[in-house]
2 protein chains.
Amino acid sequence: MTVKKLYGSRGCLATMRVLASLFEHELDFEFIPIDLEAADHKKQPFLSLNPFRELPVLQDEDLIVFESTTIMRYIFHHYPKLGKEQVYANPKLQGIAAAWIDVEDHEFEPKATKLIREVVYKPKNGLATDKAVVAEEEAELAKVLDVYEERLKSSKYLGGDKFTAADLTHLPSLYYLMGTPLKSIFDDRPNVSAWCAAILTRPAWTMVVEMVQETKP
Amino acid sequence: MTVKKLYGSRGCLATMRVLASLFEHELDFEFIPIDLEAADHKKQPFLSLNPFRELPVLQDEDLIVFESTTIMRYIFHHYPKLGKEQVYANPKLQGIAAAWIDVEDHEFEPKATKLIREVVYKPKNGLATDKAVVAEEEAELAKVLDVYEERLKSSKYLGGDKFTAADLTHLPSLYYLMGTPLKSIFDDRPNVSAWCAAILTRPAWTMVVEMVQETKP
């Protein structure tokens, strides 16, 4: 069996989502770093892997697949953890879990990404944070978290009673936001806070964090 | 068996995606219109179905599921068309098809939605089109279509050799854009143009269009 190859960049949210999926499923893979600063994602040979120029790309034998949520779903469905499945066999339960993957994508991530740009990337690059954007997006994200708080009253995880991709897909954004004053919007909500603590301390996620921090100067 | 219920609004892109999925699979359902102008999606009882206030919602016996791409995936996987499957049994082939669902969501739809707002909704509501936005988004959408054109050289449909959700998910935006001068960016690309013609004339899609047009004054 050929070793899987993951082309990505360690600090990139989408790459981190796939790293976490691979570690959760204890899959061997070779990590091939793509240098975003050198714009290697806009050049060959990467363009042959993904003409949309987005990281990451997974190569699994003859399969080349892009889009991090697709790769995540593929790993969860195609490499089940026997006895510790992270997908539901019942299609209705899996339907509910899957809806929360799209909720992250459409409701949570757009706000989280704008906030991370303002409070993490801009300061890191010597740029000023736009406080109006932060205030607006923080208020919007708080509304989303109100729905999560209600959901997590009756369900240990977002997708149901077990950890699924619906939880994992949030980890990269949570990792960045938890290191900023925006941590308080999670801490203020007891069920959200307990959920964050549970998923951020998973061994697979710890391995991703170690990989990301290795690259820091 | 309880009849499925679809809560939505006929002209709404996300609702149209699910209507097409239901018709493709020849499933019986009751359509329950939600009046967006009366903001019924922000009130009870709809809020109990989807706290994120987004259309549509599908009720299938005891399952209540939101997010149109989730509902679409659920229908395609849970109600296969025996002998005329629109999903691949091979997980790698399905992985590739699934990536193009996310491509629509992340690459195609954001540009298409902005264009539809400018060239369809604004004029309909007596507002001026912002020509700078149209020029910018048209150029961005054209780049995406260049990738589609290349993909469709070697593959009849986006997801592979058969019609899948990866194609269907584009239909609502295509329907609106094809009625505007932006039709030319599709017509200019022979493979994209042939693909549009093939998917826009599917009987299931014709049924959606009839439903949408029924509501016009």
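Heavy-atom basis, side chains included; hydrogens, waters and symmetry copies ignored.
- Between Glu24(B) and Arg202(B), at least one side-chain N (NZ, or NE/NH1/NH2) sits under 4.0 Å from a carboxylate O, which counts as a salt bridge.
- Of residues 84-92 of chain B, those residues lying under 4.5 Å from chain A by any heavy-atom pair are Pro91(B), Lys92(B).
- Arg53(B) places no side-chain N or O within donor-acceptor distance of the main-chain N or O of Lys42(B), the cut-off being under 3.5 Å.
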Derivation and outcome, side chain to side chain contact (heavy atoms under 4.5 Å, CB included), residues Trp100(B) and Glu67(A): CA-CA 8 Å; Trp100(B) 290 89; Glu67(A) 288 287 341; over 6 Å; no
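- Of residues 101-113 of chain B, those residues with a non-hydrogen atom less than 4.5 Å from any non-hydrogen atom of chain A are, in numerical order, Asp102(B), Val103(B), Asp105(B), His106(B), Glu107(B).
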Residues Leu19(B), Val212(B); criterion side chain to side chain contact (heavy atoms under 4.5 Å, CB included); working and verdict: CA-CA 10 Å; Leu19(B) 285 170; Val212(B) 174; 5.5 Å; no
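- Asn125(A) contributes no side-chain N or O that, together with a main-chain N or O of Leu127(A), makes up a donor-acceptor pair within less than 3.5 Å.
- For the pair Lys4(A) (side chain) and Leu22(A) (backbone), a donor-acceptor distance under 3.5 Å is absent.
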Audit row: His170(B), Trp195(B), side chain to side chain contact (heavy atoms under 4.5 Å, CB included) steps and yes/no: CA-CA 11 Å; His170(B) 289 81; Trp195(B) 169 74; 3.7 Å; yes
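- Between the side chain of Gln44(A) and the backbone N or O of Ser48(A) there is at least one donor-acceptor pair closer than 3.5 Å.
- For Lys81(A), the NZ atom counts as densely surrounded, since its 6.0 Å shell holds more than 12 non-hydrogen atoms of other residues, nucleotides or ligands.
- A donor-acceptor pair is defined here as one N or O able to donate and one able to accept, closer than 3.5 Å; such a pair exists between the side chain of Glu118(B) and the backbone of Asp130(B).
- Listed by chain and number, the residues in a side chain to side chain contact (heavy atoms under 4.5 Å, CB included) with Leu36(A) are Ser9(A), His41(A), Leu55(A) (sequence neighbours excluded).
- With contacts defined as side-chain heavy-atom distances shorter than 4.5 Å, the pair Thr169(A)/Met72(A) qualifies.
- The most heavy-atom pairs under 4.5 Å with chain B, out of Ile71(A), Val65(A), Thr69(A), come from Thr69(A).
- In this structure, the side chain of Arg189(B) engages the main chain of Ile185(B) through a donor-acceptor pair within 3.5 Å.
- When heavy atoms are compared at a cutoff of 4.5 Å, Glu54(A) approaches chain B solely by way of its side chain, counted from C-beta outward.
- When heavy atoms are compared at a cutoff of 4.5 Å, Phe66(B) approaches chain A by way of both its backbone and its side chain.
- Listed in order of number, the residues of residues 142-168 of chain A that approach chain B to under 4.5 Å between heavy atoms are Val144(A), Val147(A), Tyr148(A).
- Between the side chains of Asp60(B) and Tyr74(B), a donor-acceptor pair is found at a separation under 3.5 Å.
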